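Below is one structure, written out as structure tokens, with a few remarks after it.
Protein chains get the first letters and strands the later ones, always in sequence-line order, with residue 1 at the start of each. Computed from a prediction, not measured in an experiment: that's the story for all the values here.
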Amino acid sequence: MDKLYISSPANFSFSECTWYLDRGYDDCGHRVRNGRLLKALRVGGKDLLVEIGEGVGGLDVTMLHGRADERTRELLAAYVREWLDMDRDLTPFYTLLQRDKRLAYMCEEYKGLRLVGIVDVFEALAWSIIGQQINLPFAFMLKRRLVEKYGTSIIYNGEVFYLFPSCEVLAAASVEDLRLMQFSRSKAAYLIRLAEAFAKGELSREKLMALPDRESRLQALMKMKGIGVWTANYCLMKSLRDPSGIPHGDTGLMTALTKHKIIKERTELSKIDRFFSRYKGWESYLVFYFWRSLSEKPERAIGPAPEAGGRINSHFPGARP
DNA sequence: CGCCAGGAGTGGA
DNA sequence: TCCACTCATGGC
């Protein structure tokens with residue numbers, strides 16, 4: 001069995017990361033079971049299924065599917081470090097949090113939580129378009145339908161693991177196809193156009209990173225129909241790893257700011273700016289920790305593991321009158 | 001039934 | 001530049 005080991009940095013908590021990934025939504029992009037994280041992913045043109053578990057002083061990564069040469073192993077290690085943001089020193093962030101009585105609790109409560117990212121830029125943008133203005137359970141359901149119809153899959157022990165669809169495949173989909181899955185007409189059009197842009201190479205991680213600064217990256221992203229301020233910043237913080245992305249207009253963020261008594265009304269934009277100005281260089285992390293704060297840490301229901309096969313038969317709506 | 005969800009585009013003042 | 005309106009549907 002192909003295995004590799006990734007040593008953990010200080011202030012890294014695998015369990016905090018997996019808790020976030022398994023915080024109660026039906027995310028088809030990965031699975032958490034018995035403290036281990038399973039994910040199908042693509043590196044260097046190869047589809048792999050990996051299991052990540054906690055070892056002594058680091059993470060044990062096991063390849064359940066796919067054989068890895070030396071280069072693939074390197075790319076896989078880099079993927080995991082990137083996904084869980086393991087190459088970052090959180091000390092300055094925690095120092096800033098400690099200064100605010102309202103937020104200091106986060107240092108203990110979420111200690112070691114990393115900004116769990118979306119490594120693939122196309123996936124990050126597609127996901128954020130899907131999630132615009134709808135509640136998260138519905139957004140995850142839409143994503144699952146899209147992935148199960150257009151994504152490739154790996155079967156392991158009778159269980160299906162999906163990879164997010166490629167831009168080429170999604171570019172060939174039609175608005176009508178997506179409408180049947182309950183995407184709005186405009187969202188369907190945005191997604192397909194985005195897929196075309198990536199398929200043609202008009203947009204890519206390389207092109208975005210080649211731009212001089214984050215302002216120009218925001219502008220480049222927002223030229224796409226369906227990508228506004230929120231989506232562009234979401235992409236910056238979750239995929240391009242910009243430390244200062246603030247998804248302005250995010251309702252979850254507003255809720256968290258209100259709960260923490262940082263603002264009273266959602267219209268106090270200048271107050272929000274002033275607040276974030278104390279966290280220069282850590283805005284993305286602060287937003288992520290705020291999102292984390294919106295999910296309570298429940299006594300997880302201890303039940304039987306999901307039956308083998310997973311949820312491969314999502315409910316599709318019937319034709320509407 | 002009404003309002004809100006980890007928004008964005010459009011059209012009119 | 002700044003509204004109001006529209007899109008879609010699930011959850012509460």
Calculate the interatomic distance between A:Leu136 atom CG and C:dT9 atom C1'; express it in whole Å. 14 Å

salt_bridge(A:Arg36, A:Asp60) N-O dist < 4.0 Å: no

Atom CZ of A:Arg144 and atom P of C:dG10 are separated, to the nearest Å, by 17 Å

For A:Tyr105 together with A:His260, are the ring centres under 6.0 Å from each other? yes

Tell me: CZ of A:Phe140 to C1' of B:dA5, nearest whole Å? 13 Å

Expressed in angstrom and rounded to an integer, what is the separation of A:Leu180 atom CG from C:dA8 atom P? 13 Å

So does A:Leu125 get a backbone contact from the side chain of A:Ser128, meaning a donor-acceptor N/O pair under 3.5 Å? yes

Pairwise P distance, C:dC5 and B:dG2 [rounded to whole Å]: 16 Å

A:Trp83 six-ring face occupied by A:Lys39 cation (under 6.0 Å, within 45°): yes

For DNA chain C, whose closest nucleotide is more 5', that of A:Pro137 or that of A:Arg179? A:Arg179

note: A:Leu178, atom CG; C:dA8, atom P; distance rounded to Å ~ 12 Å

Taking salt bridge (Lys or Arg N to Asp or Glu O under 4.0 Å) as the definition, give me every residue that meets it alongside A:Asp47, ordered by chain and number, with sequence neighbours left out. A:Arg42

What is the separation between atom CZ on A:Arg145 and atom P on C:dT9, rounded to the nearest whole Å? 10 Å

Assess the pair A:Tyr279 and A:Trp282: is the distance between their ring centroids shorter than 6.0 Å? no

Mind running a 4.0 Å heavy-atom check of residues 264-274 of chain A against DNA chain B and sending the residues that fall below it, in number order? A:Arg266

Charged N to carboxylate O under 4.0 angstrom, A:Arg179 versus A:Glu176? no

Taking the cut-offs as 6.0 angstrom to the six-membered ring centre and 45 degrees off its axis, would you call A:Arg31 and A:Phe161 a cation-pi pair? yes

Whether each nucleotide of nucleotides 7-13 of chain B has a protein heavy atom under 4.0 Å at its base (B), only at its sugar-phosphate (S) or at neither (-) is summarised, 5' to 3', as BSSS---

Return yes if the base of C:dG11 and the side-chain atoms of A:Asn135 contain a donor-acceptor N/O pair under 3.5 Å, otherwise no. no

Residues A:Asp242, A:Arg217: salt bridge by 4.0 Å N-O rule: no

